[in-house]
S.K.: 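First the structure, which I've put down as structure tokens, then a few questions once you've had a look.
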Amino acid sequence: MTVPKQLSHTTLTGGLLFGEAPRYKDGLLYLSDMTGRTIYTIDTQSGEKKTLCEVENQPNGMCFVPDGSLIWSSMFDAKLYRRDFTTGKDTLYADLSPIMTGYCGDMTVDSTGRVYVGDTGARVLHGEQPRAGRLLVVEPEGKSVQVAAENIMFPNALFISNDGETIYCAETFGYGLLRWDIGASGRLCNRQEVWSPVVVSPSGKVGNTEEHGLVGIDGGCMDAEGGMWLSLLGLDKFVRVDQNGFVTHEIKAGGHATACTLGGQDGKSLYLVTNWVPEGESLFSAMVGKRTKCTISYVRVDVGKGTSSP
């Protein structure tokens, strides 16, 4: 077995509470500070942060649709908004509240402008226990919303392959990575589990446990070769997994590895979102109490971004 190549990362900026859903466009990194209730832009050269908008009901997933506008989510009231960069205004894009069972989670978009959104299935920041969620699909211009896939334990790490024919989604509390074929009209079929973190426990047993805790995947993205960069919460590291399921690269985060995305002028900058939780406190209670902190960093990689989304 090949030993994964170890990469080191460089801090770009900090000063956020809980970062999620990084998206790169034209020299800027767009980032949701969930509990900070703000969407920021970050200059990828200087690290300068600027407020794009404030979101009372907490932002999460985002994506750029084909016309260049940004679709962003408002978690607690289950709505999507569109940022028009020409006018600088945000308008309601789609109201998901009649169909949403949890929160708006991660988000991606296909080449037609069809938006896929994770429905977490439970309002965990409001005290509910995790339960199965779904993927929702929003037709272009927010014309309709339907359930695309069900029975996903806290959907996360949502991205579409380079050829546009496959969608990937992590089950953060199902401890694996799923994929579906994208069929006509955006329908999803042929569900498969394609990868699950495997580690050696302190007892020497092999499995997806680490110190008696299960390893969940949070965010993720795909490179031009089909390699998948995944954020492993329980292991505090980011890994690259190839199409055969082998881990080729590792990046030690030193905190909760939450999300990542490829960008930069040549597509070879991997931007990392790491969140810290006070020792001995659970993730969700620390988020609610605003006792987390977030750092954005980057690492140069050999294989850049292809045509995957985001």
Side-chain angles (χ1 to χ4, degrees), residues 20-21 23 32 34 39 55 57-66 69-83 90-126 128 130-161 164-174 176-193 217-221 259 308-310:
E20 262 286 13
R23 302 290 184 259
S32 290
M34 286 173 53
I39 296 175
V55 183
N57 285 292
Q58 293 199 180
N60 196 350
M62 299 185 289
C63 63
F64 288 96
V65 291
S69 58
L70 178 71
I71 306 300
W72 55 268
S73 63
S74 179
M75 285 177 60
F76 294 163
D77 57 354
K79 293 178 180 178
L80 304 184
Y81 290 86
R82 183 209 299 265
R83 163 57 63 108
D90 298 296
T91 56
L92 181 66
Y93 186 74
D95 184 354
L96 312 184
S97 59
I99 197 171
M100 184 72 67
T101 61
Y103 303 131
C104 298
D106 208 352
M107 189 189 306
T108 191
V109 60
D110 70 13
S111 60
T112 72
R114 188 178 288 116
V115 173
Y116 293 88
V117 185
D119 171 0
T120 63
R123 295 168 62 86
V124 291
L125 298 178
H126 290 81
E128 294 182 4
R131 59 176 178 266
R134 301 97 58 84
L135 290 183
L136 307 180
V137 57
V138 184
E139 291 300 314
E141 303 303 323
K143 292 179 180 178
S144 67
V145 183
Q146 298 179 20
V147 177
E150 298 189 83
N151 194 29
I152 307 167
M153 287 301 295
F154 211 93
N156 238 325
L158 196 58
F159 52 93
I160 294 173
S161 61
E165 296 180 358
T166 305
I167 190 168
Y168 292 82
C169 179
E171 290 188 287
T172 298
F173 296 117
L177 183 69
L178 305 174
R179 58 166 283 175
W180 292 260
D181 296 334
I182 303 176
S185 302
R187 294 180 181 274
L188 305 185
C189 61
N190 191 25
R191 170 175 169 156
Q192 301 174 54
E193 182 175 90
I217 302 167
D218 197 329
C221 63
S308 62
S309 174

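Starting from 1, each residue takes its place in the sequence as its number. Since the model is a prediction, treat every value here as computed from it, not as a measurement.
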S.K.: If you take all heavy atoms of Val109 and Val65, which pair is closest and at what distance?
M.R.: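 Scanning both residues, the minimum pair turns out to be CG2-CG1, 4.1 Å.
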
S.K.: With Tyr116, which residues qualify under ring-ring contact (aromatic ring centres under 6.0 Å, His included), at least two apart?
M.R.: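 With neighbours one apart ignored, the set is empty.
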
S.K.: Within the distance-only criterion (no hydrogens, no angle test), does the side chain of Thr108 pair as donor or acceptor with the backbone N or O of Ser309 below 3.5 angstrom?
M.R.: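 The answer is yes, because a donor-acceptor pair under 3.5 Å joins these two groups.
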
S.K.: What is the minimum heavy-atom distance between Cys104 and Leu96, and which atoms define it?
M.R.: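 Of all heavy-atom pairs spanning Cys104 and Leu96, the closest is SG-CD1, 4.1 Å.
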
S.K.: Has Ser73 got a side-chain atom pairing as donor or acceptor with Gly61's backbone, closer than 3.5 angstrom?
M.R.: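 Such a contact is found between Ser73 side chain and Gly61 backbone.
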
S.K.: Could you walk me through whether Gln58 and Leu125 satisfy the side chain to side chain contact (heavy atoms under 4.5 Å, CB included) test, starting with their C-alpha distance in whole Å, then the side-chain angles of each, then the deciding distance to 0.1 Å, before giving a yes or no?
M.R.: CA-CA 11 Å; Gln58 293 199 180; Leu125 298 178; 3.9 Å; yes

S.K.: Given the rule in the side chain to side chain contact (heavy atoms under 4.5 Å, CB included) test, do Val137 and Glu139 qualify, once you have shown the distances and angles that lead to the verdict?
M.R.: CA-CA 6 Å; Val137 57; Glu139 291 300 314; 4.3 Å; yes

S.K.: Given 3.5 Å as the limit, does a donor-acceptor pair link the side chain of Ser74 with the main chain of Lys79, or not?
M.R.: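 Not a single qualifying donor-acceptor pair exists.
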
S.K.: Write down the atom of Ser32, the atom of Pro59, and the distance for their closest heavy-atom approach.
M.R.: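 Shortest heavy-atom separation between Ser32 and Pro59 comes out as OG-CB, 3.6 Å.
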
S.K.: Start with the C-alpha distance between Ile182 and Leu188, add both sets of side-chain angles, then the distance that settles side chain to side chain contact (heavy atoms under 4.5 Å, CB included), and finish with yes or no.
M.R.: CA-CA 5 Å; Ile182 303 176; Leu188 305 185; 3.9 Å; yes

S.K.: Using every non-hydrogen atom in the two residues, find where Pro140 and Lys143 come nearest and quote the distance to one decimal.
M.R.: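 Smallest interatomic distance, heavy atoms only, reads O-CG, 3.3 Å.
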
S.K.: To the closest 0.5 Å, what do you measure between CZ (Phe154) and SG (Cys169)?
M.R.: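 Reported to 0.5 Å precision, the distance equals 11.0 Å.
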
S.K.: If you define the side chain from C-beta out and look only at heavy atoms, does anything of Val124 sit under 4.5 Å from Pro130?
M.R.: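 Yes - at least one pair of side-chain heavy atoms lies under 4.5 Å apart.
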
S.K.: Look only at the side chain of Arg23 and the backbone of Met62, and say whether a donor-acceptor pair between them is shorter than 3.5 Å.
M.R.: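 Yes; at least one donor-acceptor contact below 3.5 Å.
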
S.K.: Report the distance from atom CG of Asp95 to atom OH of Tyr81, rounding to the nearest 0.5 Å.
M.R.: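 If I round to the nearest 0.5 Å, the distance is 8.0 Å.
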
S.K.: Nearest 0.5 Å, what's the OG-CZ distance between Ser69 and Arg82?
M.R.: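 If we round to the nearest 0.5 Å, Ser69:OG and Arg82:CZ are 4.0 Å apart.
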
S.K.: Taking side-chain hydrogen bond (donor to acceptor under 3.5 Å, both in side chains) as the definition, give me every residue that meets it alongside Asn60, ordered by chain and number, with sequence neighbours left out.
M.R.: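 With sequence neighbours excluded, Asn60 shows a side-chain hydrogen bond (donor to acceptor under 3.5 Å, both in side chains) to no residue whatsoever.
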
S.K.: Which heavy atom of Phe159 sits nearest to which heavy atom of Pro310, and what is that distance?
M.R.: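 Distance-wise, the nearest heavy atoms are CB-CD, 3.8 Å.
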
S.K.: For the pair Thr120 (side chain) and Ala122 (backbone), establish whether a donor and an acceptor sit closer than 3.5 Å, ignoring hydrogens and angles.
M.R.: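 Yes.
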
S.K.: Describe, in one word, how the ring planes of Tyr103 and His126 are oriented to each other, choosing from parallel (under 30°), tilted (30 to 60°) and perpendicular (over 60°).
M.R.: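 Rings of Tyr103 and His126: tilted, 30 to 60°.
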
S.K.: Enumerate the salt bridge (Lys or Arg N to Asp or Glu O under 4.0 Å) contacts for residues 115-125, please, sequence neighbours excluded, ordered by first and then second residue.
M.R.: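 Only Asp119-Arg134 qualify under salt bridge (Lys or Arg N to Asp or Glu O under 4.0 Å).
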
S.K.: Run the side-chain contact (heavy atoms from CB on, under 4.5 Å) test against Arg191 and tell me which residues pass, sequence neighbours left out.
M.R.: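 With neighbours one apart ignored, the set is Asn151, Ile152, Glu171, Leu178, Trp180.
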
S.K.: Which atoms form the tightest heavy-atom contact between Val138 and Ala94, and what is the distance?
M.R.: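 Closest approach of Val138 to Ala94, heavy atoms only: CG1-CB, 4.0 Å.
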
S.K.: Do side-chain atoms of Thr166 reach the backbone of Ser161 as a donor and acceptor pair under 3.5 angstrom?
M.R.: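 No: the side chain of Thr166 does not pair with the backbone of Ser161.
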
S.K.: How about Asp90 and Trp72: do any of their side-chain heavy atoms sit closer than 4.5 Å?
M.R.: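 When only atoms from C-beta onward are counted, Trp72 and Asp90 do touch, with a gap below 4.5 Å.
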
S.K.: Scan residues 146-160 for pairs that pass salt bridge (Lys or Arg N to Asp or Glu O under 4.0 Å), counting only residues two or more places apart or in two chains.
M.R.: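 Qualifying pairs, neighbours excluded: none.
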
S.K.: Using a strict 4.0 Å threshold on nitrogen-to-oxygen distance, state whether Arg187 and Asp110 make a salt bridge.
M.R.: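 Salt bridge between Arg187 and Asp110, a charged N being under 4.0 Å from a carboxylate O: no.
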
S.K.: Before you tell me yes or no, could you show the steps for Ile167 and Leu158 under side chain to side chain contact (heavy atoms under 4.5 Å, CB included), namely the whole-Å CA-CA distance, both residues' side-chain angles and the distance that decides it to 0.1 Å?
M.R.: CA-CA 7 Å; Ile167 190 168; Leu158 196 58; 3.9 Å; yes

S.K.: Distance from Asn156 atom CG to Asp218 atom CG, nearest 0.5 Å?
M.R.: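 Interatomic distance, Asn156 CG to Asp218 CG, rounded to 0.5 Å: 4.5 Å.
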
S.K.: According to salt bridge (Lys or Arg N to Asp or Glu O under 4.0 Å), who are the partners of Asp181, at least two apart in sequence or on a separate chain?
M.R.: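 With sequence neighbours excluded, Asp181 shows a salt bridge (Lys or Arg N to Asp or Glu O under 4.0 Å) to Arg179, given in chain and number order.
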
